[in-house]
Structure formats: C-alpha cells, structure tokens
Number of protein chains: 2
Amino acid sequence: MRTAMLALLLGAALPALADEGMWTFDNFPAAAVKAKYGATLDSAWLDRVRRSTIRLSNCTASFVSPEGLILTNHHCVEACLANLSSRDQSLVQTGFVSRSRNDEPRCATQVADVLQAMENVTDKVMQAISGLDQTAANEARKKVLTQLEQACEKGTRLKCESVTLYQGGQYFLYKYKRYDDVRLVLAPEADIAAFGGDPDNFQFPRWSLDFSMLRAYENGKPAKTPDHLPIRFAGPEAGEFVLVSGHPGSTERLDTRAELAFQRDLVLPNWLLRYSELRGRYIQYGKGSEAAARIVEEPLNSLENGIKVRRKLLDALHEDSLLEAKSEAEQALRVKMAGDASFGDPWADIARATTIERGLYLPYLFLEGAGGFNSATFRYARTLVRAAAERGKPNTERLREYADTALPRLAQQTLAAIPVYPELENLTLSFSLERMREWLGPDHPVVRQLLAKDSPDSLAAKLIAGTKLADPAIRKQLWDGGEAAIAASNDPMIRLALAIDERSRAVRKRYEDEVEAPITAASEKIAAARFKVYGTNVYPDATFTLRLNYGTVAGWNEDGRDIPPFTYLGKAFERATGSAPFRIPDSWLKVRDSLDMQTPFCISTTNDIVGGNSGSPLIDAQGRIVGLMFDGNIHSISGRYWFDAAKNRAIAVHPAILREALQKVYHADTVLRELGVR
Amino acid sequence: MRTAMLALLLGAALPALADEGMWTFDNFPAAAVKAKYGATLDSAWLDRVRRSTIRLSNCTASFVSPEGLILTNHHCVEACLANLSSRDQSLVQTGFVSRSRNDEPRCATQVADVLQAMENVTDKVMQAISGLDQTAANEARKKVLTQLEQACEKGTRLKCESVTLYQGGQYFLYKYKRYDDVRLVLAPEADIAAFGGDPDNFQFPRWSLDFSMLRAYENGKPAKTPDHLPIRFAGPEAGEFVLVSGHPGSTERLDTRAELAFQRDLVLPNWLLRYSELRGRYIQYGKGSEAAARIVEEPLNSLENGIKVRRKLLDALHEDSLLEAKSEAEQALRVKMAGDASFGDPWADIARATTIERGLYLPYLFLEGAGGFNSATFRYARTLVRAAAERGKPNTERLREYADTALPRLAQQTLAAIPVYPELENLTLSFSLERMREWLGPDHPVVRQLLAKDSPDSLAAKLIAGTKLADPAIRKQLWDGGEAAIAASNDPMIRLALAIDERSRAVRKRYEDEVEAPITAASEKIAAARFKVYGTNVYPDATFTLRLNYGTVAGWNEDGRDIPPFTYLGKAFERATGSAPFRIPDSWLKVRDSLDMQTPFCISTTNDIVGGNSGSPLIDAQGRIVGLMFDGNIHSISGRYWFDAAKNRAIAVHPAILREALQKVYHADTVLRELGVR
C-alpha cells in the first residue's frame, strides 16, 4: 500500500495510473483511452455528452429525452420531496409518479445547469495579483474573479462561474445554461430507493433503487433538449469499458500534509462528535410520533451519509503511511525546485498558516460558519441581514457570495416557499447553541452575550417562537426592503443575526488574511512547480465542475473473497426484514409474482468518482446510458485523498431494474414511451 | 514539547522529572522529597495515610472521623444517589442530609476497601509460566493469579487481588480490608456539586462543590476507624508542598507506539461516535418530561464526562510528536538490548498483535464487550448465565471474573435492589442493537440471527417487555438456581444471553490467544529490559491501586495568561445564569447574605492524578486534609499518555467552602461536630 500511495501522490502530477482521474473535458486523455481500450471519443462525442450532462444544486443528472426529462438519484431529489411534503404526508415515504405534464410539481430551490463553454482566465488573474503581498493578492484575486464573472454574464444569457483548478494552478470561467424551473416527474418510495438505508450505504453488494426523474422547464414549458443520452436497458457486460460524466464534488489529493493533518486533528473529529450527537437527537425525536418521524427523515438521512463519509475519511487519515508518503512527495518536489531561489518553502508557509488556522477554527466554525446557530430561520436571517448590507456596496467590494451574479440564485433559495417546522428548529438550534457553549466555553464573549441569563433551550424557544421568518412573504418584504427594513425589523432572529454579525465578520477577515491568503499564495506556487516539473498531462482535484472518467465494469477482491460486479432483484427480497431500512414497499410486494427475480439490480465499476457524481450517467463507448451512479463502495471514501485502484469501486443502478420498476411497479407508461421503450 | 516528551518517555523509566509520578507506597521516593521539599515522610506517616485512604468501587475516599465517616466527591456517589431515587424524586437533584445515624441509607452496590498489605509475587508468576509458549503462558499466568488470590483469602478476612505493575514487570497481591456496607450521610444538590456541568468539566478556574459524605458500617454499626485524617479547614498556602493519596485508574505511559496507534485509530473514534449519539438520544429523551429528565440525569452526566475525556485523549494522540517520541524511546532501548540475542523485538511482536486486534476489535466489542446489548437487564442476564456455567467448573478453569474470590462482590452487584427503568432500557438497547448492525454490518451472523425479521426497536421492545430481570427476587432465584434454573428459564433476556454466548466466548478466546498472549509476553520482556537498563527507581502505570504523589499548590500559564491557584465563592454567584448547569440551588440563594463571598472555593495543584483519584484527599506534610481532589484541568487528560509538568494541573475543593456549606447552607451540625469543628 505504501508504494502505491507514494506513486499516487507523485502520480497526481504524472500520467494517471490505472483508470484513475477526474478529467476536465478540455484535457481528456482520449489518445491514452484509444490506446488502452480502442474506444474513439472524438470532440463530437465529448460535446454531446457534455451538453447532456446536468449539474443540479447538489448532484449530477442527465437529459434522457428531447423534452427535458432528467434522470438522477432519489437521494438527489430527497430535499425536493421533503419540501413538497408536510407533517401529514411525506413524498419521501410515499414516492411520487406524475401521470401527466400538468401534474409535475416544481422543486422550489432546484436548478439544472449545463456547461456550454470553458475559458481559461489564469493570465488575467495572475496579472491582477502581480506584485501584491499575500493579503492584498487574496483580495485582488477575488475582485478580478467577480469582475470576470460579471463581464461574462453581460451580453449573454449564460451563468458564469469562476473555477479554481489545480489548487490555483489554473483559473477558468465556466459558462452554463441554467434551467431554474425544475419539476418532479417520478420518485420511488424511500424504502426501495434507499433499501438497506444507512447500514448498506457505501456497501456492495447492494439493492437500492436510487433513481428519480425530473424535468427542466423553460417559460413554463418542457425544455427542448436535443442533446440527451439514450438508455441501453440491457446494461453493460462484465469487463466492459465505461465512462462517467459528472460533477465530483471535492477531493484533496493535491493538498499538503499540513492541510490533511488539520483535517484529521480538528475538522473531522469535531464534526463527527457534534453530528453524531445530532443524529441521536433526531432519532430519539423521530420516535415521538409518525409526524415527527416524517419531518426528521430527510435531515437524518443526509446526516447519516455525512457521518459515514467522515468516519471513513478519518480512518484514511489515520493511515500514517499516507501522510508519510505526502511528506516524501513534498520533499521530492522541494529537491527538484532547489535551484530556484524565489521558490522558498511553500509547504512550510502552508504549515504555518494551518497553525494559525487551529486557533481560529472553532470561532470561525461557530460564528461565521453559523455552527452555533443551526436553524433554517437563522440562515434566512443571516442571508437577509448580509444581503441588505452587501447590496449597498459596489459589486467588487462585497463578500463574494453576494456579488451581482450570485443574487438571483440567492433570492430563489431565500424566498422559496418550503416548510419550516418549529419543533425541528427548536431541536437543532438548542443543540447548536449548547455545543457552541461547550466548544467555545461558557466564558467566550459571544456565549456570555447570548447565554448569560438563558439556557440553550430557553433561548432557542424564545427565538423560534418569536421569529416570523418561516413565512416567505415576510422574507420577501425584508429582501425587498433592504437595509432600512432590516434596521426597522424587531424579528428576534434578525436581531440575533445583527448582534453577532460584527464578530462573525471579524473572525472571517482574520481567517482570510491569516489563513486563506498565505495558503492560496503557497498553493499557487506549488501548482506552478508541479506543472514545471511534471508537465500538464494531469487532472485537477474535484471542484464540483464537469469531469469525465473511464473504467470498466468490475468487482474486486475483499480479504480473499471475490465480489462480483452485478446484483439481482431476488436477493433483495431475501434480505428484507419487514422493518425499515430493510422493508420492501407494498407497491413491490403486490406485484411480486410478476417480477423477474433475475433482473440485474446494481453494478460495480472501477470509475473514479466521489460525492457530487451522484446521479451521473454511466456511459458506454457509444454514449448510451448503461447505469446510474449513486454511490461507491466503502473503499471509495478515501478517494478524497487518493485513488486505490485495487479496491475503490463506484456503484450504479442497473438500467434493467429501472425498466422493470417503471413497467411493472409504477406503471409509468408515459415516461417509458418518452424513453423510447416499446 | 518534543524534547520534553522524549525525556518523559525515556523518563518513565528514569527518576521522574518535575513532580511527576504515581508512586506505590512500597517504593515512594521519600529521600528525593526530603531533599527537594524538606518534608519527612517516614513509614509511620505513610502507614497512617495508607490506612486512612479508601478505594471505592469507582473512586477514592478517606476516613475523616474515628467512626467511619468518609469524605469523597459528589460524582463518586452519584450512582448511589440515582439508585436511591425514583421517577418521582431524585436525590441527585435534591441532595441529601442525614439528621441522625438511623437516617443513613445504604448504597446498595458500594464497597470501601482499605489496603493492609502488599506482597510481591513476581517470582511465583514467572515460575508458573517458565518454559511455556505464549498461549499456554497466558493461561497459566491467569491460573496462578487465581490460585494466589484464593490461597491468600483462606485463613484471613482480607480481600486479595492480584495487581500487574509495570506492564508485567511485577506482579503483586494487594490485601484489603473490605467494608461492604457503605451508607450515605450527606450530598449537596447536583446544581452546586456540579456547578458548571459538562461545559466546566475539566476546566479551571472552577466553582464546583463536588463533595459528599458516606459512612462505613460493620455488623450494622459505624465502623471503628482509628486511622483517619483531620481536616485543616483553612486550606493550604499558594506554593505549599502537598500530596495526593489515592487510586489513579489507568494510564498508558509505558504503552508502545503500536498500542497507542490502535487507540487513536479504532478505540477512541468508535467510542466517541457511538456515545456522542447516545448523548443526543439521552438529551432528547430527557426533554420529554420531568421524570424523564430525572432518570436520565446520572447516566448522561457519566457519559458526558467520558466523552470529554476521550475527545482530549484523541487530541493527545494526534500530537504526532508524541508517537514519534515513542518510536525513538523504543529504538533507544532496542539498541541497548542489542547484545541480548534472546531479547528479539518485542515491539514488533506487539505491533503484529495489534494488527490482529484491529480485525477482532469490533466483534469483541459488540459481543463479548456487550456493546451491542447496552441494557441493565442484559448485563444481569449475561452475569447470571455465565456465573451458572462457570461456578460448575474448578476455580482455576473459570473465566477470571467468576473465580471464587470474585463471587461475593459479583453477587452483591447482581442482586442489589436498584431501580431499572424500562423506558431507558428500551432506549439504550435499541441504540446499541442499531449500532451493532451498523458497525458489524447487516450480514454479520449475529446480526442476521437477531435482526433478520426484527428492527432494533422491535427487538428491544420485545426483550424489555418480556424480561423479569429488573426484579431482584427473580435474579436471586436464577443466581441460586444455577445451571438448572438458567436452562429452564424462558426469560427472553436469559435466552438472548445464552443465544450469543458461544460466539462471544469464541471471539474472547481468539482475542486472548492471538492478542493478549503475545502482548503480555512482549510487555514482560520490555519491562524486564527497562528495569535492567534504567533501574527500579521508577513508577508503574496507574492500575486503580493505591499510589502517592506530591506537588505544590500552583496555577499555570495559559497562552501568556497566569491562572491563579484559588477561586472564591463570590464569582460563582456572578457566573450563575439561573438555568442548569449554571444554577445555584435555592438552599444557597436563601442564605446568600450570610455567606462569606471571599471563601476560597477550588484549588489548582501540580499533583499527577487521573480518573480514579476523584475523592482523594489532598494532604499537607503533616498528613492533614487541605483539599478534596475532584478533577484536573483540560491539560490533565493527556496525563494518560504523558505528564506535562508545565500545564497539567489537579483540581480540589477547598476545605473552607466545605465548612461554609456544612455550617450555613446544610446546617449539618452533627457532621461538623464529628469533624471536630467547634
């Protein structure tokens, strides 16, 4: 393992080993693929796949019909399902099947972005920061990116976002067509979509029907989407060459040892401790009544996924050889750069910055990160307070998330009518206030300010009972009313957001100047050195931007045992216990006798994917969908830090089970016709 | 820090630096103390202090009157207070003041042990294992210890326990006088005893009146205790030489790097994740009603203490320099032993064993460790099932915890009438079943055996509703009835304990043969090498046996800020919020005007203590009590692995606040008279 990891860590800047790599579409190693697999992926192929691939707010998806029909995972639309639910009825539990176009409800905060163009703006950024010290450069870098985004959007109808690749080695503008009207077409019941629940999450063999369908609308009508991917319902062969197009969220394969140690020592343990406790509060709360169980289901599922991921990330960072290999890779590059006196020691610069970060982390997390104020209404209050203040400033002087190009999306998220449950608000806010007091200490100024004569419970109760921000009409008034409306508001959550704003901004400023500025400057240096020494035939860390990777349909060997790459429907019925999360829904039990128990269910492949790739199409060499990515195996989690070619596997829903479900269980005839079945 | 730690790690086998060290009474460095502090601690002094110091089942305590009166911490009697409580009334919340001897209720499972003699039996153990392979030696070692204990108890009325010191460098028999009738005399309300609660736990400055009083009884009458310690109510001076006599629970300062890495990678993260979640479940459950809050209070407090400790232990092990220093110290000793061909590489042996341990840890934890069956009635069932089976075997063939010398205590614990709350049993059992399924996986044989057609909730509900083991009379029948009664029982918890017993014993056997045996053998070798190279003027790791350590009354410097060693009553009133855990009880508010706000409250000292020392007397050179140890500062937690002389501080309740409370708040006149006040 040691050798493999060192090779990888150097290899992050060498032609990738095995089938590792999350390649940008402008730098895909088509020649290497041709040589190894004989597949010809020309620019027409790449363009069509790119224009058929969708970035949702939290996932990937793809167009599967010319009329805007979208295929993605169930867990990618779980928040939408929860938003369309109430105390009395949960679409997460019941599922949803649209019977006609008029019947497709809108996912209030969802968008679908399709990448149209990529522009390299590295030179413009470098020019803007040239000659500046680290702190000034950090501010100038943000300003120029804001300017470039703004200029890009002017005169086009595209959504322009800057992207930092290779830890600052390249800066790009990515230009998207955005659909901001996305509606729900079909979702199975959570019991089958997430069959196996948290225990089976990141496991394989697996039997989760983790799919759903959305539709993009334009001007109130289904969008025209000539670029879309056909589905090959028979699915792929074992060993077949396959690709995944999608938006891997975030990896840290190029991060330094000091940055990884910071994750290991502070970020991961702190998160895991706090959110394991919240998990316990959610579970216990959900036992109170069926309504309680319904409203807690979606946040609990999301939390449990986060816990499992971070638990395995911490395991990965406890592999001392990984950190040692990092040190060796850093030393190797340091030696190669020894002749360049101006190079200095950027790794030491980063280590120094992370030492400062250790001192700033908790106040940043609880105040600026709002970790002490875990409540939907507080998040609304924070956004309304800051949007009002920031919109009064010139565009480039604002906090980046309030720049003009960001405001339409922010308004959509802030003003959407989605349910807010006061009982859940009380739970999460009281919890987070109590943990803020624990981690910052009862004598921290903000803790004294808020809790000198209140308990976390009593303060949360007052705030939640008093705030009106659960009402979207009130939020609209405050959004439209701007600074004057905020100043005049006596909403207690608005007053709270105002009361802690100065201290929150102060810790953010310190973080930006003392941590972000030196780390960004040093990372740019390291990135430039890597390009110089190892060349440019490399892939950047994941940044929730479009990537393409390739691999094969294959299982792996676990402790001497071969895991085959396919599972079949029959086994799901064998494993069912009758109780969640191993309960097969009635809709399936009713038609059990008509189902083909030999239908393939899930697929294991060697593709290099991470969170964010959920919902990605698994594609054959002809550009047809042969699977729907929804997870990785347990070894895939360490893919955040390095790619283990022997054991890291991606998991997809097999298209045959999609057809079986649509035909025999959900009777979704119109959808099937739209997919070209029969 | 690095240098200091390396010095320490070597220094664990060198005359201790600073005032570090948990010395056994037979090897106390009286000469060094005389030279440094001018104090003469002769054998009469040591004998008197030893015979005045008490080991409770979970803490330390001391005799403070000739009539068996015992001083210890509130948190040491919290379980007793909870056992004497009900859904309707909590002595944890209300406190308790006995008004006469007839009024002192018994703590049903508490004992008070006083060390009478120590016998070195190392040669006998070495003789018993001579020439055996590791596995056989491991069994023979246990057998001879059982035999030695049994022989020791025959013909005396003493309780004999074997003790392993220096990781196997020495074996002792410790001989105790045991009082198994221990009664409650006085406890303040938790609000003042644990003022500051979990947020202030392991913090200083501090204002917790963490004291209580018990009394040892013999033959139904207060015990005669001519050896006891007078209290010097004025308390110590800043800088004064002070000692702590007590029973530090467990340290791992002599453990190897591989053993510490195992703690860091598996034991601590797993525990923290699971119990943080249980914390959340407890807290949420306690919000349901006042009765719920009452019955959850004691287990929650205990859990939160455990979480804080382990959180900081994990922090300590993330200090890479600690592990590097371990490696260097190991290498230094390896080099010194290079001439001895028979020495081999015991560190490598231990590392190999911990690799096996990584594979066995989870099944051991959930099955043999009963981590999957967190329920008082399951623990009763396990004990009853195993006691019945083991008592049928010859004494030396039994699992050690069922040897003849252990049975009286086991019976006391198993048969005591203490409350069992089904609602809490459901909570903890369902939780632990769910986590067993998570960590072992839904396809583990025991998980399939139990949960193939049940959810954790439904199985827990059936077991708790069906078991009668909450009734002590039923437990008595099964204890007395032995194997036949167990075989005939249809109690579902007994059936469960039987159903998993074979698999549990199997994983224990593998653990003993493949992990414990090689680690014990290698540890004995390392211990012998340490004695050979560094001599015997050293202290062993803590083992919850009697130790004496010395230091001074002193604060420390925290990030450039001097923390003074005393706190005063007035500040507690300033910090009070009116809500738990910062609520001052009514009994204090009523007499507020009569209190001297300048009364010293808590004391910081440099003594080297850990958990288990709670309740220890802080003693001056004349053998008078000048404080009651109850905690350490946040830096003391890493004392498990090394002693940080600059920052590790012990915390005591000041005797002046004890007198103030007894006189003005609790009007405990008879107790005061017994303590010789006025």
Side-chain angles (χ1 to χ4, degrees), chain A residues 196-200 203 205 261 264-266 268-270 272-285 287-288 304 307-308 311 314-315 318-320 323 359 427 430-431 434 437-438 441-443 447-448 451-458 559 575-583, chain B residues 196-200 203 205 261 264-266 268-270 272-285 287-288 304 307-308 311 314-315 318-320 323 359 427 430-431 434 437-438 441-443 447-448 451-458 559 575-583:
Chain A
D198 182 65
D200 272 4
Q203 301 297 323
R264 180 195 68 178
D265 300 351
L266 268 82
L268 292 171
N270 173 288
L272 283 166
L273 274 162
R274 288 188 299 124
Y275 287 101
S276 292
E277 181 193 335
L278 183 58
R279 178 190 201 183
R281 293 196 186 207
Y282 276 156
I283 290 173
Q284 195 64 32
Y285 173 75
K287 293 183 198 288
E304 290 189 330
I307 287 170
K308 201 168 224 185
R311 169 154 87 77
L314 187 59
D315 282 352
H318 279 148
E319 187 68 53
D320 289 330
L323 268 65
L427 188 160
S430 166
F431 156 74
E434 197 169 330
R437 184 176 66 185
E438 176 182 2
D443 299 309
V447 176
R448 291 301 297 171
L451 296 172
K453 294 295 162 193
D454 256 311
S455 71
D457 270 4
S458 66
D559 291 335
R575 291 183 92 231
T577 66
S579 298
F582 295 96
R583 182 169 54 201
Chain B
D198 181 66
D200 271 5
Q203 301 296 322
R264 180 195 68 177
D265 300 350
L266 268 82
L268 292 171
N270 173 289
L272 283 165
L273 274 161
R274 288 187 299 125
Y275 287 102
S276 293
E277 181 193 336
L278 182 57
R279 179 191 201 181
R281 293 196 187 206
Y282 277 157
I283 290 173
Q284 195 63 33
Y285 173 74
K287 291 183 198 292
E304 290 189 329
I307 288 170
K308 202 169 225 182
R311 170 156 85 76
L314 187 58
D315 282 352
H318 279 148
E319 186 68 52
D320 289 330
L323 268 65
L427 188 159
S430 165
F431 156 75
E434 196 169 331
R437 183 175 67 185
E438 176 181 2
D443 299 311
V447 177
R448 291 302 295 171
L451 295 171
K453 295 294 163 194
D454 256 312
S455 71
D457 270 3
S458 65
D559 291 335
R575 291 182 91 231
T577 67
S579 298
F582 295 96
R583 182 169 54 202

- Query: Between A:F582 and chain B, which part of the residue has a heavy atom less than 4.5 Å away: side chain, backbone, both or neither?
  - Reply: side chain
- Query: Partners of A:D454 by side-chain contact (heavy atoms from CB on, under 4.5 Å), sequence neighbours excluded?
  - Reply: A:L451, A:S458, A:L459, A:K462
- Message: For the CD atom of A:E277 and the CD atom of B:E277, what is their distance to the nearest 0.5 Å?
- Response: 10.5 Å
- Task: With a 4.5 Å cut-off on heavy-atom pairs, point out which of B:P581, B:S579, B:G578 contacts chain A the most.
- Result: B:S579
- Got a second to check how far A:L314's CG is from B:D265's CG, nearest 0.5 Å? 8.5 Å
- Query: What distance separates A:K287 NZ from B:R281 CZ, expressed to the nearest 0.5 Å?
  - Reply: 5.0 Å
- Task: Using a 4.5 Å cut-off on heavy atoms from C-beta on, say whether the side chain of A:D320 contacts that of B:R264.
- Result: yes
- Note on the structure: Counting heavy-atom pairs under 4.5 Å with chain B, the top scorer among A:E434, A:R583, A:R437 is A:R437
- A:R575 portion near chain B, given a 4.5 angstrom heavy-atom threshold: both
- Item | Part of B:K308 within contact of chain A (heavy atom distance under 4.5 Å) | neither
- Message: Taking every non-hydrogen pair under 4.5 Å, which of B:R448, B:R274, B:Q284 racks up the most with chain A?
- Response: B:Q284
- Item | Side chain, backbone, both or neither of A:Q203 within contact of chain B (heavy atoms, under 4.5 Å) | neither
- Query: With only heavy atoms counted, which part of A:I307 is less than 4.5 Å from chain B, the side chain, the backbone, both or neither?
  - Reply: side chain
- Note on the structure: Distance col, row A:N270:CG vs B:R311:CZ, nearest 0.5 angstrom, shows 8.0 Å
- Item | From B:H318 atom NE2 to A:L268 atom CG, the distance as rounded to the nearest 0.5 Å | 9.0 Å
- Query: Of the backbone (N, CA, C, O) and the side chain (C-beta and beyond), which part of B:D457 lies under 4.5 Å from a heavy atom of chain A, both, or neither?
  - Reply: side chain
- Which atoms of B:L427 approach chain A - backbone, side chain, both or neither, heavy atom under 4.5 Å: side chain
- Contacts of type side-chain contact (heavy atoms from CB on, under 4.5 Å), residue A:E304, not counting sequence neighbours: A:D198, A:R279, A:I283, A:L300, B:R435
- Item | Value rounded to 0.5 Å, distance of CG in A:D200 from CG in B:D443 | 7.0 Å
- Query: Between B:A576, B:A580, B:G197, which has the largest tally of heavy atom pairs under 4.5 Å with chain A?
  - Reply: B:A576
